**Q** 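Shown below is the structure under consideration.
Both ligands and their constituent atoms are indexed starting at 1 by order of listing. Predicted model, so just to flag it, every value in this text is computed and none were measured.
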Amino acid sequence: MIIPNNLQRQFSLHADEYKRKACEILDSGWYILGKEVSLFEEEWAKYIGSKYCVGLASGLDALWISFRLLGIGANDEVIVCSNAYIACVMGITINGATPVFVEPDQYDNIDANKIENAITSKTKAILAVHLYGQSCDMTKIMDLAHKYNLKVVEDCAQSHGNHWEGKTVGTFGDIGCFSFYPSKGCGAFGDAGCIVTDNYDLARLFRAFRNYGSEKRYYNMMVGSNSRLDELQAGLLRVKLKYLDDMNIERCNIAKRYNEGINNRLIKKPLIRPGADSSWHQYVIHVPKYRDELIEHLKKHDIGSLIHYPIPPHLSEAYAYLGYKKGDFPIAEKYADEVLSLPMYNGMTSEEQSYVISVINEFLPGDKQ
Ligand SMILES: *Cc1c(COP(=O)(O)O)cnc(C)c1O
């Protein structure tokens with residue numbers, strides 16, 4: 001059995017509807033900033049539970065434009081988890097701000113108990129990354145933000161529709177950032193992203209910034225960028241959004257199967273923080289020993305797996321200028337050496353799930369057959 005782990009299955013479930021929508025938009029002759037974008041923004045804001053949504057070209061744009069519009073740049077510090085995806089950190093540094101890394105806890109998200117120690121007179125914001133589909137401890141993060149008067153930006157790129165204590169992530173901080181990269185929960189068919197906020201003035205700034213700083217044609221109130229969500233992606237996202245809850249439930253059920261079925265003493269299954277739920281963007285196990293052997297074992301059985309992420313940002317060549325070295329963030333470094341994402345995709349059959357479980361359970365590298 002070959003485990004595909006691609007997006008074909010998900011597409012094929014509603015292929016006719018996507019094709020109809022795409023043709024409708026192609027036929028309309030209107031491709032940028034039209035009714036599909038406006039309707040998607042309304043529908044996404046409603047789904048998340050925010051007042052405003054502004055469609056953008058990518059998740060990275062959502063992040064860096066957020067910090068730009070919050071006025072956070074050179075000489076400012078932003079707190080972020082040390083096991084973040086590199087794009088989270090780039091969202092901070094594109095504006096010249098400095099990332100200050102805080103180690104994750106056993107839930108693979110920022111350890112909120114360690115944030116206070118990292119706050120300095122230069123700290124302006126916390127970037128809360130809801131990694132792998134699980135929400136951070138937003139109660140502790142918001143308490144600290146209020147105590148120290150910090151902005152909070154939530155990176156919900158991997159968390160489309162999951163909650164912290166019953167409230168949807170993206171609605172806690174000043175701004176919630178989303179990526180609609182094809183593999184994300186509500187994935188587009190190309191690059192796309194958005195922000196959500198309850199702040200009218202901020203939403204207005206985002207609308208102008210994404211369109212060369214213009215609210216009125218050829219009148220530019222500031223230097224902006226081109227970061228528009230296009231009509232085709234917005235229209236296709238509107239179709240996908242109708243099925244998002246179902247897709248999240250489907251992945252939850254796969255995770256449940258994995259949780260119940262996987263039983264191998266070499267493998268630590270993912271833990272969910274009390275108060276959080278997960279949309280299971282990834283099912284990430286920890287394999288403290290023999291990860292390479294497990295990857296090989298899976299490959300031999302035609303099962304793909306991925307490492308999210310093999311190099312923590314502080315050791316990335318891109319961030320050599322920050323001057324960190326191996327050993328500076330030992331938990332993130334350990335996680336980079338032991339995490340492994342198992343196949344998890346919408347349309348995964350029950351037989352495929354059983355196959356992955358049994359191949360994992362029979363893994364025994366000690367034998368070195
Ligand atoms: C995917 C992702 C991003 C970047 O989104 P793009 O749309 O690819 O620019 C940022 N942060 C996290 C956590 C992501 O998973």
**Q** Would you please say whether a donor-acceptor pair under 3.5 Å links the side chains of Tyr47 and Glu42?
**A** no

**Q** Could you tabulate the donor-acceptor pairs under 3.5 Å formed by side-chain atoms of residues 175-197, not counting sequence neighbours?
**A**
unit_1: Ser179; atom_1: OG; unit_2: Tyr181; atom_2: N; d: 3.1
unit_1: Thr197; atom_1: OG1; unit_2: Asp174; atom_2: O; d: 2.9
unit_1: Thr197; atom_1: OG1; unit_2: Asn199; atom_2: N; d: 3.1

**Q** Does the pair Lys334/Glu338 count as a salt bridge with the N-to-O cut at 4.0 Å?
**A** yes

**Q** Identify all pairs of nitrogen or oxygen atoms, one from ligand 1 and one from the protein, separated by less than 3.5 Å, and list them with distances.
**A**
unit_1: ligand 1; atom_1: 5 (O); unit_2: Ser179; atom_2: OG; d: 3.2
unit_1: ligand 1; atom_1: 7 (O); unit_2: Gly59; atom_2: N; d: 2.8
unit_1: ligand 1; atom_1: 7 (O); unit_2: Ser179; atom_2: OG; d: 2.6
unit_1: ligand 1; atom_1: 9 (O); unit_2: Gly59; atom_2: N; d: 3.3
unit_1: ligand 1; atom_1: 9 (O); unit_2: Leu60; atom_2: N; d: 2.9
unit_1: ligand 1; atom_1: 11 (N); unit_2: Asp155; atom_2: OD1; d: 3.4
unit_1: ligand 1; atom_1: 11 (N); unit_2: Asp155; atom_2: OD2; d: 2.7
unit_1: ligand 1; atom_1: 15 (O); unit_2: Gln158; atom_2: NE2; d: 2.9
unit_1: ligand 1; atom_1: 15 (O); unit_2: Lys184; atom_2: NZ; d: 3.0

**Q** About how many Å separate CH2 of Trp30 and CD of Glu36, when rounded to the nearest 0.5 Å?
**A** 13.0 Å

**Q** Tyr345 and side-chain hydrogen bond (donor to acceptor under 3.5 Å, both in side chains): which partner among Gln8, Glu352, Arg251, Glu250?
**A** Glu352

**Q** Using the six-membered ring of Tyr18, assess whether NZ or CZ of Lys21 lies under 6.0 Å from its centre and within 45 degrees of the ring axis.
**A** no

